[in-house]
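In each ligand, atom 1 is the first atom listed, and ligand 1 is the first ligand listed. Atoms considered below: every heavy atom in the structure, side chains included; atoms not considered: hydrogens, waters and symmetry mates.
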Amino acid sequence: MERIKILGNENLRLKGKVRISGAKNAVLPAIAASLLTKDKVRLKNIPLVKDVYTILTVMKELGANSNIKKNTLSIQVKKTKSEQASYELVQSMRASILVLGPLLARFGKAVVALPGGCAIGSRPIDLHIHGLEKLGASISLEHGYINATAEKLHGTEIKFEKKTVGGTENLIMASSLALGETVLKNCSIEPEVINLCELLVKMGARIDGIGEETIRIKGVSELGGATHEIIPDRIEAGTFLVASALTRGNIVLTHVRPDHLDTVIEKLKYSGTQIEKLNNNSLRAIGSEKIRPQDITTSSYPGFPTDMQAQFIVLMTQASGTSIITETIFDRRFSHINELLRLGAIIEVAGDKALVKGNTPLSGAETIATDLRASASLVLAGLIASGETVVNDVEHLDRGYEKLEAKLKSLGARIERIKE
Ligand code: EPZ
């Protein structure tokens, strides 16, 4: 098991330039989409993170051939050798559920393990299942597996009872090869959903309303290959913006999409961080001596992202007053708080709210990560905690951050990975 060791101090000032990687949450659905065609799909600017290798293992099991050169993935599924995504892979990465819709649409059959609960709540997939049944799939849940079959999916109208990023992505992919038109209502409009739609259109899908809450998909008989660029990771970018705010640093982020970070930038500016757009794909963030407290409520895009909640809580421990952070997307996404308490934070949790006391100097400690963004928040805390902080079980971090410690080290952090 690998660990990350950080020698932090409150006088650390991160300085320099960091290149943001492609978005994990955009590349995963894009890889699943390659199931929809027998032709080759090429994805540029992919992040070399653990979740990419996990979904490529799932895809290989299904019959895909793929290779990665630098940060470009070529993948092709000429035919399937199985329609089963195994339990050990799906339980290690919930996003494997994204193969369900494409498998059904192209091959009429899918056997996908039910994703287990994970560190951030129960995370059911009922909205995926109901939507696919409305498209004509027969679905049974047996022995922990979803068994789905469909002679041919047919278009219909589906309204999501709540916003679901994965559900929206699965249903758009399934509908792209269905007979007739599908209207999806109350869709998620995250940039990653838009990036997927743009890929599907390049493959020949007929999609109207991209980026809106109502999307119309006219099914086609088959889709072809395409070359597509994965958008920058707005959550990795947000994590570095918080790192600059936290250390009163001065860092430039390149290969970002500032327009995907409006709410995060607005909240950081309110707390005192100076953020300027240098051009369409780079930002400078200069942290302020005084960090203003503020209440934050997470919500679907374009609201404040739940994936930035843990990182922002760390910043609020250094604010000049108390903040209330409300988590509305997941029912148990405060697992990082127990670990932050051990570093000296003063945070009280009541239901979906965390009351974060400011002006709390942190001191280094041994910590354990439980999910991807919780891990990132512990690394951030370690930057300013006096003494040594160790973040164990960094495989969570590696799921979604490419070379995080090397990037932070290049900005002046004293951080290293220990391979045991
Ligand atoms: C995606 O997860 C992201 N993952 C998550 O990022 C992100 O936090 C989440 O969207 C919300 O923005 C990927 O894109 C791979 P949801 P997803 O379906 O699609 C409930 C990270 O750290 N729900 O939008 O799984 C669900 O329990 C990860 O990068 C149902 O009730 O999230 C949750 O409370 C973490 N039934 C809420 O909806 C369903 O059928 C939002 O889930 C589906 C979801």
May I ask you to check whether Leu127 has an N/O atom sitting below 3.5 Å from an N/O atom of ligand 1?
yes
Element-labelled atoms of ligand 1 that are located less than 4.0 Å from some non-hydrogen atom of Gly166
18 (O), 19 (O)
List ligand 1 atoms under 4.0 Å from Lys24, heavy atoms only on the residue side.
21 (C), 29 (O)
Going by side-chain hydrogen bond (donor to acceptor under 3.5 Å, both in side chains), name the residues that satisfy it together with Glu198, two or more places apart in sequence or in a different chain.
none
Would you say Thr164 has any N or O atom under 3.5 Å from an N or O of ligand 1, going by distance alone?
yes
Which part of Asp307 is near ligand 1, with near meaning a heavy atom under 4.0 Å away: side chain, backbone, both or neither?
side chain
If you measure every N or O of Val165 against every N or O of ligand 1, does any of those distances drop under 3.5 Å?
yes
Glu402 and Lys407 ion-paired at < 4.0 Å
no
Could you pull out all residues at least two apart from Glu142 that satisfy side-chain hydrogen bond (donor to acceptor under 3.5 Å, both in side chains)?
Ser140, Asn147
Glu169 and ligand 1 - part of the residue with a heavy-atom distance under 4.0 Å:
neither
Close approach, Arg333 and ligand 1, non-hydrogen under 4.0 angstrom:
yes
Short version for Glu192: what comes under 4.0 Å of ligand 1, heavy atoms counted, is neither
Neighbour count above 12 (heavy atom, 6.0 Å) for Lys109 NZ
yes
Under a 4.0 Å N-O cut-off, is there an ion pair linking Glu339 with Arg342?
yes
Run the numbers for me: atoms of ligand 1, each under 4.0 Å from some heavy atom of Arg373, listed by number.
21 (C), 22 (O), 29 (O)
Lys/Arg-Asp/Glu bridge criterion (N-O < 4.0 Å) met for Asp51, Lys24
yes
Are any non-hydrogen side-chain atoms of Lys218 and Ile207 less than 4.5 angstrom apart?
no
Which segment of Ile329 sits under 4.0 Å of ligand 1 when only heavy atoms are counted:
both
Ignoring angles and geometry beyond distance, decide whether Phe330 reaches within less than 3.5 Å of ligand 1 through its nitrogen or oxygen atoms.
no
As an exercise, identify every atom of ligand 1 less than 4.0 angstrom from a heavy atom of His128.
40 (O)
